[in-house]
Amino acid sequence: MSRYNPREAEPKWQAAWAERDSFRAGGPKAQNGKPKYYVLEMFPYPSGRIHVGHSRNYTMGDVIARYKRARGFDVLHPMGWDAFGLPAENAARDRGVHPGKWTHDNIDAMRGQLQRLGLALDWSREFATCDPSYYKHQQAIFLKFFEKDLVYRKTAKVNWDPVDQTVLANEQVIDGRGWRSGALVVQRQLDQWFFKITAYADELTDALDTLDRWPEKVRVMQANWIGRSRGATVRFPLTETEIADEFGPTIDVFTTRPDTLFGASFLALAPDHPIVRKIAEDNPEVDVFMRECARMGTTAEDIEKAPKRGVDLGITVRHPFDPSWELPVWSANFVLSSYGTGAIFGSPAGDQRDLDFARKYELAVNPVVLPAGEDAASYTVEDEAYTGPGTIINSRFLDGLDTETALQRAISELESLKLGEGSTSYRLRDWLVSRQRYWGCPIPIIHCDTCGVVPVPADQLPIVLPEDITFDQPSNPLERHPTWKHTDCPSCGKPARRETDTLDTFVCSSWYFLRFTSPWSEDKPFDAAEAEHWLPVDQYVGGIEHAILHLLYARFFTRALNDTDLLNMASGEPFAGLFTQGMVTHETFKSGDGRWLSPEEVERKHDSAVEIATGKPVTIGGIEKMSKSKKNVVDLDAFVEDFGADAARWFVLSDSPPERDVEYTDSGVEGVWRFIQRLWTVVISLPEDAPGPLSVATSAEGDALALRKTAHKTLKGVTEAIEGFRFNSAVAQIHDLVNALRKAEGGGAGMVEARAETLGILARLISPFIPHLAEECWHRLGGDGLVIDAPWPEVDLGLLVETDLVLPVQVNGKRRGEISVAKDLDQESVKQIAISEEGVARSLEGLTIRKVIVVPGRIVNIVAG
RNA sequence: GCGGGCGUGGCGGAAUGGUAGACGCAACAGACUUAAAAUCUGUCGAUUGAAAGAUCGUGCCGGUUCGAGUCCGGCCGCCCGCACCA
């Protein structure tokens, strides 16, 4: 019996699809009468080669794309390259190859790999973000944002990555370390470009509720990251005229609990607050404190270990509700300059930090919130602050109110006194987009000594990166380039300097999905009509690691673009459906001297392993995400050469639910290989003269009818599994159907016809998953054209209605037997049959039947005692 | 500390409140073979039993229900995110 040979079949079918241009989307205006469906996987950074781990993401998107295509949608499923970034510069430094060449070589290699995976992609829309034809438009978008005040330049304390030699956005600092380099980030005061993402903080938070096809987890993470808090700004008048003259008459604080204002016993300012710096000039104690805090680590551990500390600044403020009540002003190490106003009022009874601080420095602790069930006369706060709701006490005009009412009352009082108002604070900061690197999109700005910051006129775009650069020094090559930055001011014509910072590569990925809708557009970043037709992306597939970074930036970008004349999208949300897939993991191996070893370098035995080259024992490490750094990757081309693209696709979808990790094992791959061969065997064992794959075996009975029922049940189940992103369940059901076919190879009335119909359904069911084998089967079964052009099979609902039922029978909730009854049999008869069933009757011996529950078509439960 | 998720065979995992363990992997036994690989057939939660069967079993304790892996309450454990955010 001949075996299926993917090495021959796969290129053949890939060529057939390419020849027919099968996966080209719509066309301008998409006047083909079909509904649109935009499916997109997060586009790759061209780092070198694709491994089996990467392929899972693309395979899942491809299943959806092929399935939707079969269901009659006009599917847009494009691919491109997130091609700017630091690894290209590192390669240039280490190997002397130009970043552009390195990037394009990688793209060529990876494109070939994706094509050999048989993805249903519209390659006519491919682009790389490092192409001037792409970043030209990004520069134009930057200028649009500049016009709209959505981009600005300011001097700020920013995160500096000393290894990558560039600044990073807040989102790109994880536990105090750079997201790429892992280096401890240091704070530096620098002049940088920012996108005004905070202008959309409310919208970005509110709209999360509309994203009902996003994972709850991602929505929660974004909401936390934006960190909206509603409360009040309170202005405390300064008693010190000298400070007031310089910094204004009041110290402003943000609070979520204005209802506890009568519990205030001090104010605390961040150690780097301007007033603290001023006082430090003449107060050595404050100066020392300020410097010590500046040296404090910023990692999670450092912060956790650091005890509350502070210093009395020797100035006072007046309580807003009582001008005769003066509060001392301190500086405290737990107050952050980056949040709110960098100042707080301490209300120790209602905040654990304030309480710890007050106890340490012997400041007053006045309870103002009485928890339910406590007595006002005896209630005290010792070492644990009470932060919950209750009744207000010791608070003059707020006494007796509940906390919520008191909060509103306090705000209106502040407003009438003009010493505060209701306000909202956010954790989110503006997006720092400058990078001191070469391989990125140049910022289209010119600095002129006379005119200041001048945007490059739109007709002078693109500002193209120079080719002749060197990487022999760590700093920005654009800054060092002898001529590139020198130009004339577009405004006054005098000599001026170009901006030498480039844009964060996350800017490139914030609008690429728009560019895919009309990559041919030359005068505009994208054709608005095309973008508005295709957007939002119906199904986006990518890694959870972008839960905040890319997914928040892209949501900001579509909104900001909507506020320019470039786009007018209905919702502002770029991605209607999001799926975050799990990783492919693999065992790791380490040699005795600590080198990571790839699976090919290791001979694996039962529970030990040796290095092939040296024969020395190898330490088997943990099961981890496939990554180049740990060398536990399986190269996609090698895999495809051995087992075929279909096997890779089937493997990454099998076993584990798509959102969870799946472990790569050799035995799992062997199982996939066996399945593919078994499937082929049931196809070729159908007689050559059997009916075609679109035939319907209406006359089937007995085993043949049973096979048809299984086929249609599987069809329904697999369809629902695809719709519900449960690919592992679809795989299991297809296994079942193949098993049923293997057992149905005997003859019998109508069996050949039933097998032909079932195989026709099977070929179409497997088409989204293992498309090459599906084509081969379709061809062998005598189907016309290609299986990808065949319609998705229709479920024959008549076959799913059982006429005879097997019902389990329980006695007191325990299964004691089963009965076979006609579907329409009345309940009374079902009861009688159930009671007299042998095993049931045995369990009922000596018991009195109290109740019989018949759930039609489901179960019978007899209650007896 | 706060927020989210998850605990089911040797392993990955299935189960609209209705026969727990589908499907796959591993393991074991057998067939084929000179032999091995490949392939095929069968067994495969625990205890007990010759067998039929019985009892127990979805992290632990309780509750709701005729019936709970699933719903509710309380614990325990693991994973992820955020973390002095006023």
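Quick note on labels: first sequence line is chain A, next is B, and so on, each numbered from 1. Computed from a predicted structure; not experimentally measured.
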For [N] and [X] - does any side-chain N or O of the residue sit under 4.0 Å from the phosphate oxygens OP1/OP2?
{"X": "Arg674(A)", "N": "A26(B)", "result": "yes"}
{"X": "Arg842(A)", "N": "G53(B)", "result": "no"}
{"X": "Arg427(A)", "N": "A83(B)", "result": "yes"}
{"X": "Arg742(A)", "N": "C40(B)", "result": "yes"}
{"X": "Arg816(A)", "N": "A54(B)", "result": "yes"}
{"X": "Asn861(A)", "N": "G18(B)", "result": "no"}
{"X": "Lys814(A)", "N": "U55(B)", "result": "no"}
{"X": "Ser229(A)", "N": "A86(B)", "result": "yes"}

Fill in: Rounded distance in Å - CZ (Phe651(A)) to C1' (C23(B))
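From Phe651(A) CZ to C23(B) C1': 15 Å.
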Worksheet entry | Length of the line joining Glu845(A):CD and A54(B):P, which is rounded to integer Å |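 One finds 12 Å between P of A54(B) and CD of Glu845(A), rounded.
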Practice prompt. Determine, using ring centers only, whether Trp214(A) and Phe579(A) are less than 6.0 Å apart.
Written response: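 Ring-ring flag for Phe579(A)/Trp214(A): false, centres at least 6.0 Å apart.
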Worksheet entry | Whole-angstrom distance between C72(B) and U64(B), as gauged at atom P |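 Looking at atom P only, C72(B) and U64(B) are 15 Å apart.
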Worksheet item: How long is the span from the CD1 atom in Ile853(A) to the CZ atom in Arg858(A), to the nearest 0.5 Å?
Response: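 Taking CD1 in Ile853(A) and CZ in Arg858(A), the distance rounds to 15.5 Å.
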Fill in: Salt-bridge present (Arg815(A), Glu818(A); N to O < 4.0 Å)
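Between Glu818(A) and Arg815(A) there is a salt bridge, with a charged N closer than 4.0 Å to a carboxylate O.
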Worksheet item: Are Glu292(A) and Arg309(A) close enough for a salt bridge, meaning some N to O gap below 4.0 Å?
Response: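 Looking at Arg309(A) together with Glu292(A), the answer is yes, because their closest N to O distance falls below 4.0 Å.
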Worksheet entry | Val855(A), nearest nucleotide to its side chain (from G18(B), G24(B), A14(B)) |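 For Val855(A), the side-chain atoms sit closest to G18(B).
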